[in-house]
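Residue indices begin at 1 and follow the sequence shown.
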Amino acid sequence: MFARLFGPRAPASPAPAAAAPAVQRAEALLRHLEWTVMRRLDGLLQGDHRTLMRGTGLDLADLREYQLHDDVRHIDWNVTARLQQPHVRVFTEDREMAAWFLLDLSPSVNFGSGEQRKSEVLLQFTAVLARLISRHGNRVGAMVYGQQGQARVNAVLPARGGRLHVLQLMQLLMQPAAPAAHKPSGEDATRLGDLLRGAALSVRQRSTVFVVSDFISQPGWEQPLGELARRHDVVAVRLVDPLELELPDLGLIPIRDAETGEQLMVDTHDKGFRQRFARIAAQREAQLREGLARAGVDTLELGTDDDLADTVLRFVDMRRQRVRLNPGARPVPTQLPRRQREGVRA
């Protein structure tokens, strides 16, 4: 609740590139990300052998004796009965896959206390992952929710491949956000569950699904997220800003609810107020982590002050270790704490 009280920060002075057509701005940003981020991530999310992002095609490669941690669903019962020893089928996975991005662009995402807003982190993450996946012949699609302050799915991009499709997605996300208007509490409030239920109906083929949101929403999204994870490989990408977790001593300041536009004055010089704010934020953090754990999804936390490439690299390493230790198991919650120390793995 308190996390969304900070409205969007004042827009910066328009850069010269802001007047350029949207396609040119998207092209310039993608080229910048290709040089600064994607070169560090290239080859980690795709490969000719075992990958972190699973395809849908399976070819029988071999039969071998059952080993500890093998998936019991792969046991070949005919061979097991004939040889009197449990045997499992070994499959070669097709690299081709479909990835979907469920993107929350509700007003609370248009906030940042530093150089970047959460919406900018969302754009960069989506562009990098979509380009890495699509340039290997795979397809990416997207569902955009909450754009222009409307609590509904605003756009659906079918799953396609190619660089032009990624640029089209970026242009859609780069549309300017509408200013938050004052409206009654609860009216047009973010309901993330609507986006998840819509994705369950629209995404039929088994896919890798990235739910990119700050998860500041009305309750009830946990069950639809769990149902989506039972059919797809779901990764919850949570956008976080440091000011949503702890208030600095800034004196008397105005704050605004990004969802409703309501404004009020608070005295951040009051130590008791800052402690209550931190306690409530910690309670919300615990509830959110518990909800993600119940849904059984992997979790990546992206802070507005974090390095995108470093964060994704650590997350990829954590998923790789989990697959190596238990290759037949379903995805389990993997929480990536912000500012994780080097060498420490969850």
Side-chain angles (χ1 to χ4, degrees), residues 4 6-34 37 99-112 114-131 133-134 140-160 162-183 187-192 194-196 198-199 202 210-217 237 239 241 256-261 302 304 308:
R4 72 181 191 183
F6 298 95
R9 61 180 170 86
S13 301
V23 62
Q24 296 181 14
R25 290 187 287 120
E27 174 70 36
L29 176 58
L30 182 57
R31 190 180 303 114
H32 172 74
L33 292 172
E34 286 174 340
V37 179
W100 280 83
F101 293 86
L102 309 185
L103 304 172
D104 174 15
L105 291 181
S106 57
S108 62
V109 176
N110 191 33
F111 168 74
E115 296 181 356
Q116 291 191 111
R117 305 181 187 183
K118 291 185 287 185
S119 57
E120 294 168 341
V121 176
L122 177 148
L123 170 62
Q124 295 175 20
F125 172 83
T126 304
V128 166
L129 266 293
R131 184 65 186 124
I133 294 171
S134 64
V140 295
M143 297 182 66
V144 179
Y145 176 90
Q147 203 167 32
Q148 305 300 326
Q150 300 172 334
R152 60 181 178 85
V153 176
N154 306 104
V156 178
L157 264 66
R160 297 193 180 101
R163 196 171 191 272
L164 291 178
H165 184 62
V166 176
L167 287 172
Q168 182 183 3
L169 172 59
M170 294 176 65
Q171 292 174 47
L172 175 63
L173 300 180
M174 293 174 73
Q175 293 179 5
H182 182 75
K183 47 194 173 185
E187 181 180 324
D188 276 345
T190 301
R191 294 181 294 273
L192 196 58
D194 293 349
L195 171 61
L196 299 171
S202 301
F210 297 93
V211 183
V212 190
S213 171
D214 58 5
F215 289 89
I216 298 176
S217 166
V237 183
L239 307 170
D241 187 89
R256 183 178 63 183
D257 190 318
E259 297 282 330
T260 67
L302 280 178
T304 56
L308 175 61

**OP:** Would you check if the side chain of Ser217 reaches a backbone N or O of Leu192 as a donor-acceptor pair within less than 3.5 Å?
**Re:** yes
Subject >> Result of checking Leu239, Leu302, Asp104 against Val212 for side-chain contact (heavy atoms from CB on, under 4.5 Å) >> reply: Leu239
**OP:** Step by step, work out the side-chain contact (heavy atoms from CB on, under 4.5 Å) result for Leu167 and Gln171.
**Re:** CA-CA 6 Å; Leu167 287 172; Gln171 292 174 47; 4.2 Å; yes
**OP:** Report the distance from atom NE2 of His165 to atom CG of Leu157, rounding to the nearest 0.5 Å.
**Re:** 5.0 Å
Subject >> Side chain proximity check, Leu123 to Leu29, heavy atoms < 4.5 angstrom >> reply: yes
Original post:
Within a strict 4.5 Å, meaning less than it, do heavy atoms of the Gln175 and Asn154 side chains meet?
Top reply: no
Subject >> Closest approach of Gly146 to Pro107 (non-hydrogen atoms, all atoms of both residues) >> reply: O-CD, 4.5 Å
**OP:** Would you give the length of the straight line joining atom CG of Asp241 to atom CZ of Phe111, rounded to the nearest 0.5 angstrom?
**Re:** 4.5 Å
Original post:
Of all residues at least two apart in sequence or in a different chain, which pass the side-chain hydrogen bond (donor to acceptor under 3.5 Å, both in side chains) check with Glu27?
Top reply: Arg31, Arg163
Original post:
Does any non-hydrogen side-chain atom of Ile133 lie less than 4.5 Å from one of Phe210?
Top reply: yes
Original post:
Is the closest side-chain heavy-atom distance between Ser202 and Val156 below 4.5 Å?
Top reply: no
**OP:** For residues Leu173 and Val144, determine if any side-chain heavy atom of one lies less than 4.5 Å from a side-chain heavy atom of the other.
**Re:** yes
Subject >> Residue pair Leu105 / Leu122, side-chain heavy-atom distance below 4.5 Å >> reply: yes
**OP:** Supply the atom-to-atom distance Ser106 OG to Arg191 CZ, rounded to the nearest 0.5 angstrom.
**Re:** 11.5 Å
**OP:** Could you grab the distance from atom CZ of Arg131 to atom CG of Leu30, nearest 0.5 Å is fine?
**Re:** 6.5 Å
**OP:** Please identify each residue that fulfils ring pair (Phe, Tyr, Trp, His ring centres under 6.0 Å) with Tyr145, with sequence neighbours left out.
**Re:** none
**OP:** To the nearest 0.5 Å, tell me how far Ser119 OG sits from Leu103 CG.
**Re:** 11.5 Å
Original post:
Distance from Gln116 atom CD to Leu308 atom CG, nearest 0.5 Å?
Top reply: 8.5 Å
